[in-house]
J.: 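What follows is a single structure, and I will ask about it in a moment.
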Amino acid sequence: MDHIIYADNAATTPVDARVVEAMTPYFSQCYGNPSSIFYSVGAAAGEALAAARASVAKSLGCEPAEVFFTSCGTEADNWAIKGTAHRLAAKGKKHLITSCIEHHAVLHSMRALEKDGFSVTYLPVDSQGFVRPADVEAAIRPDTALVSIMFANNEIGTVEPVQEIAAVCRRRGVWFHTDAVQAAGALPIHFKDMGFDMLSLSAHKFNGPKGVGALLVRRGVLPDIFMDGGGQERGRRAGTENVAGIVGLAKALELAVASLPQKAEKLAALRDAVQRHVQTMPHVHINGPADPARRLPGLLNVSFEGAESESILLFLDMAGICASSGSACASGSLDPSHVLLSIGLSHAVANCSLRLSFGVQNTPEDAQAICRALTDSVAEVRRRSAIYSE
Ligand SMILES: *Cc1c(COP(=O)(O)O)cnc(C)c1O
């Protein structure tokens, strides 16, 4: 493949070479089953697992016993939501609260519960994508089991007031889960101090491997067992552990957290360079929060009126640039993004929206090349479009 500029880091990220190096011994050298403690290759794998758990706990401000490894962020979200619903249904609590801009891992888990007789409140957001903590408080009922609000949105970058929402939930005695898949490794997180009950993360969003994630669960909070089988993950999520993947997750998180302020500054500079450029183009608007402090540093979502995103993406691809029309999970469908519709965009404008998400591998030259390609691509698409006129 020729040189490509990868600007879709909210979909996934390349694995850091230091992470690959940390993982490598756990494939064919130290390949033991961590539960096989009576010989050294097994014990060594068990020790690597314990060290990874301790490292994740240190990176995120929780106890090692509060870390449960999963196969991905989607699994962590499913477990937190369905596991809580089924656990608390026995106490007559069959109501859940979420927002209408969550990732499908959360939204579709909620829909599945509705089919099983649970009731769900989907809170609206304002034009910048913010959930209001007062709306959360007003939606809590005596039978509410769980509130699940994402830490940061994967399409428009809104950083939700999750600490305030966690405080409301704690006061009202309702468990609070946050999908922090976009936030982990990108924003400072302290699980205990921020008052969360459960938090989901996924390694491949912070330069770790795909197929491994984690759910942090506060001591005393007990969603139902996710997978029955052996005694792995304290008997709550059975299945032989993905040792190499877990070692990779811990290493990637450690690296991301250690370089967090520099990383955020670098990504924000790339984002701002492209944002300043697109703001000089006609009929453009930026989606997401105006306040940079309440926005993911590396993410830019922009609508180019009269230029359909699918067509822009084809031109960008010809220029070797990878971007997205929204979330990877929703692309391929012709439905406009539920997030963009929720912040008040029309179908027509939502279909003309592009997401650029920067990563540690991107350079200022990449940002310049993206600016040039956007000018050309958008002009070309608009020229061919019957509906656009200057
Ligand atoms: C990517 C993503 C997920 C899903 O994580 P996977 O590990 O890909 O299953 C969930 N929530 C958000 C906000 C995401 O960005």
Side-chain angles (χ1 to χ4, degrees), residues 6-15 19 56 67-82 98-112 122 125 129-131 148-160 162 165 177-187 189 196 198-216 226-227 237 242 245-246 248-250 252-253 256 267 287-289 295-301 322-332 337-340 342-343 355-359:
Y6 183 76
D8 199 13
N9 290 273
T12 194
T13 56
V15 183
V19 172
V56 169
V67 179
F68 294 84
F69 293 111
T70 65
S71 71
C72 58
T74 299
E75 181 186 317
D77 286 343
N78 270 260
W79 186 6
I81 293 163
K82 295 174 182 171
T98 190
S99 84
C100 52
I101 64 161
E102 298 294 314
H103 189 274
H104 284 139
V106 168
L107 287 178
H108 292 173
S109 292
M110 294 286 180
R111 294 256 182 262
Y122 298 91
V125 294
F130 290 113
V131 173
S148 178
I149 302 290
M150 68 201 321
F151 201 121
N153 183 270
N154 51 303
E155 291 192 42
I156 55 173
T158 308
V159 178
E160 299 294 347
V162 281
I165 296 170
H177 164 253
T178 188
D179 172 343
V181 175
Q182 288 293 331
L187 299 169
I189 296 180
F196 302 142
M198 286 173 280
L199 179 148
S200 306
L201 64 134
S202 178
H204 76 99
K205 301 289 175 78
F206 48 84
N207 304 98
K210 292 169 187 57
V212 60
L215 181 66
L216 309 188
F226 183 75
M227 197 108 89
R237 197 280 181 192
N242 174 6
I246 289 167
L249 180 151
L253 189 60
L267 301 195
N287 301 310
R295 193 174 166 199
L296 274 177
L299 196 147
L300 176 63
N301 190 303
C322 314
S324 156
S325 57
S327 69
C329 327
S331 64
S337 144
H338 65 287
V339 177
L340 297 177
S342 299
I343 60 170
R355 179 186 72 185
L356 293 155
S357 45
F358 297 98

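Counting starts at 1 for both ligands and their atoms, following the listed order.
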J.: For Ser202, take its heavy atoms, then give the atoms of ligand 1 lying under 4.0 Å from any of them.
T.: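 Numbered from 1, ligand 1 contributes 6 (P), 7 (O).
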J.: Of the backbone atoms (N, CA, C, O) and the side-chain heavy atoms from C-beta on, which set of Lys210 has a member under 4.0 Å from an atom of ligand 1: side chain, backbone, both, or neither?
T.: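 Within the 4.0 Å criterion, Lys210 makes no contact with ligand 1.
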J.: Are the side chains of Pro297 and Leu187 in contact, using a 4.5 Å heavy-atom criterion?
T.: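 Leu187 reaches Pro297 side chain to side chain.
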J.: For residues Gly245 and Val212, report the shortest heavy-atom separation together with the two atoms involved.
T.: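 Scanning both residues completely, I find the closest heavy atoms to be O-CG1, 3.4 Å.
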J.: With no hydrogens and no angle check, just 3.5 Å: does a side-chain donor-acceptor pair link Asp179 and Ser200?
T.: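 Their side chains do not contain a donor-acceptor pair, so the 3.5 Å distance test is not met.
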J.: Tell me which part of Val106 gets within contact of ligand 1: side chain, backbone, both or neither, using heavy atoms under 4.0 Å.
T.: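 Neither part.
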J.: Report the part of Lys205 (side chain from C-beta onward, or backbone N, CA, C, O) that has a heavy atom under 4.0 Å from ligand 1; answer both or neither where that applies.
T.: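 The answer is the side chain of Lys205.
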J.: In terms of atom number and element, which parts of ligand 1 are under 4.0 angstrom from non-hydrogen atoms of His204?
T.: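 In order of numbering, the contacting atoms are 6 (P), 7 (O), 8 (O).
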J.: So which bit of Cys72 gets within less than 4.0 Å of ligand 1, heavy atoms only: side chain, backbone, both or neither?
T.: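 For Cys72, the contact with ligand 1 is made by both the backbone and the side chain.
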J.: Is Glu75 in contact with ligand 1, taking contact as a heavy-atom separation below 4.0 Å?
T.: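 It does not, in that no heavy atom of Glu75 comes within the 4.0 Å cut-off of ligand 1.
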J.: Students often mix this up, so state it plainly: with edges at 30° and 60°, are the rings of Trp79 and Phe226 parallel, tilted or perpendicular?
T.: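 The rings of Trp79 and Phe226 sit tilted, inter-plane angle from 30° to 60°.
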J.: Taking N or O atoms only and a 3.5 Å limit, does Gly73 qualify as a polar contact for ligand 1?
T.: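 Among all N and O atoms of Gly73, at least one is under 3.5 Å from an N or O of ligand 1.
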J.: Please work out which of Thr70, Thr74, Leu201 has its closest non-hydrogen atom nearest to atom 9 (O) of ligand 1.
T.: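 Ranked by closest heavy atom to atom 9 (O) of ligand 1, first place is Thr74.
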J.: Run the numbers on Lys205 and Thr13 for side-chain hydrogen bond (donor to acceptor under 3.5 Å, both in side chains), then give the verdict.
T.: CA-CA 6 Å; Lys205 301 289 175 78; Thr13 56; over 6 Å; no
J.: Can any side-chain N or O of Asn207 pair as donor or acceptor with the backbone N or O of Ala252 at less than 3.5 Å?
T.: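 Absent.
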J.: Distance-only, no hydrogens or angles: does the Ser342 side chain make a donor-acceptor pair with backbone N or O of Ile101 under 3.5 Å?
T.: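 Checking the backbone N and O of Ile101 against the side chain of Ser342, no donor-acceptor pair under 3.5 Å is found.
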J.: Less than 3.5 Å between some nitrogen or oxygen of Gln182 and one of ligand 1, yes or no?
T.: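 For ligand 1, there is an N or O atom that lies under 3.5 Å from one belonging to Gln182.
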